Amino acid sequence: MTAGLAAAEDVLTVGAARRRLASRLQSGWSSGAGSAALDARLLLAHALGVEAMSLPLRDGEAVPIEAMAAAEALVARRARGEPVARLLGYKEFWSLRFDLSAGTLVPRPDTETIVATALDRIAAAGQRGDPLRLLDLGTGSGCILLALLSELPAAVGVGVDRSTDAVNTAAANAERFGLGDRARFVAGNWADGLAGPFDAILANPPYVEGADLPDLPIEVIGHDPRLALDGGPDGLGAYREIIPELPRCLALGGFAALEFGPRQAGPISELAGRAGLDAEIRRDLAGRERVALLTIRSAKT
Ligand code: GLN
């Protein structure tokens with residue numbers, strides 16, 4: 001009886017739990033302090049099994065003791081640098097909820113620039129309803145390909161990844177979104193062995209310079225797969241493999257949209273030029289050069 005009463009006194013309201021978890025995050029981990037309130041809300045909602053959006057409406061409700069223990073364990077992992085997306089097991093991208101696994105990069109908002117660039121180009125060509133063939137190289141969770149398929153009702157696509165774990169995760173995401181019949185995921189090395197042709201080729205390849213890897217935030221280097229980050233000594237290794245393959249794989253009138261990192265627009269445009277491709281650079285929402293739109297160079301007279 002006494003134990004029961006003591007336990008009852010320990011029961012917090014959602015509002016108090018939220019504040020307690022946020023302040024623990026704020027003091028426990030300086031680099032995560034900026035998002036402490038939001039992270040606490042997401043992790044508490046996860047532990048309670050409710051939508052994070054609904055949490056403020058539940059401020060007066062009691063948090064069961066087991067849920068509070070689960071939330072505290074998640075917050076402790078967060079305070080050691082584990083990303084919220086890894087703790088939840090999913091990340092939203094293009095308004096779709098992508099499940100993650102060890103072999104997938106956490107989708108970044110920056111990468112939506114590829115989706116937007118491809119859709120712009122397809123819409124400008126009046127092809128939104130066409131049975132386009134898409135190829136996503138280094139597909140990870142499948143986020144680029146599946147976001148595009150969700151917008152293009154007649155398109156089909158292939159996603160390739162060197163990691164079979166990623167291939168399985170992407171295929172499961174496709175099924176969950178009801179896109180399984182229009183998406184295939186295969187293990188492979190870039191476009192090796194793929195015949196094509198493809199109307200659009202998309203890729204967010206690894207592009208971090210080898211020497212910069214140790215300086216990446218713990219959330220990235222400690223939790224994203226190195227295969228998805230490490231672009232070799234100058235960060236351009238993947239582009240040297242992918243770009244020369246594009247003329248062989250692209251359909252007439254097709255295009256490629258490749259994400260890249262800081263200071264890479266110049267070298268990528270040069271690699272494209274050598275492969276007979278024209279490059280147009282697109283910026284992300286923060287105004288940074290982010291995506292190269294590549295097309296077969298038209299014969300000029
Ligand atoms: N943009 C990623 C980052 O935040 C890098 C991903 C990549 O190399 N494609 O580190």
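If you're wondering where the values come from, they're calculated on a predicted model, not measured in any experiment. Read the numbers this way: they start at 1 and go in the same order the structure lists the ligands and their atoms. Just so you know, residue 1 is the first one in the sequence shown, and it goes up from there.
A donor-acceptor pair under 3.5 Å links the side-chain atoms of Arg176 to the main chain of Arg97, judged by distance alone.
Classification of Asp224 and Arg108 as a salt-bridged pair holds, one side-chain N sitting under 4.0 Å from a carboxylate O. Salt-bridge formation is detected for the pair Arg78/Glu219: a Lys NZ or Arg NE/NH1/NH2 atom is positioned less than 4.0 Å from an Asp or Glu carboxylate oxygen.
Less than 4.0 angstrom separates some heavy atom of Pro205 from each of these atoms of ligand 1: 7 (C), 8 (O), 9 (N). For ligand 1 and Ala228, the ligand atoms under 4.0 Å from any heavy atom of the residue are 7 (C), 8 (O), 9 (N).
Given atom 8 (O) of ligand 1, the protein heavy atom at minimum distance is Tyr207 N, 2.9 Å. Scanning all protein heavy atoms for the shortest distance to atom 3 (C) of ligand 1 gives Arg108 NH2, 3.4 Å.
Of the polar atoms of Pro206, none of the N or O atoms is found under 3.5 Å from an N or O of ligand 1, judged by distance alone. In terms of polar-atom proximity, defined here as any N/O pair under 3.5 Å, Asn204 does make such a contact with ligand 1.
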Q: Give the C-alpha distance, both sets of side-chain angles, the deciding distance and a yes or no for side chain to side chain donor-acceptor pair (under 3.5 Å) between Asn168 and Asp165.
A: CA-CA 5 Å; Asn168 293 335; Asp165 171 72; 5.9 Å; no
Q | Check against side-chain contact (heavy atoms from CB on, under 4.5 Å), Asp59 and Thr13 | A | CA-CA 6 Å; Asp59 260 358; Thr13 62; over 6 Å; no
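Ligand 1 lies nowhere less than 4.0 angstrom from a heavy atom belonging to Gly231.
Taking the six-membered ring for Trp, Phe98 and Phe177 have ring centres closer than 6.0 Å.
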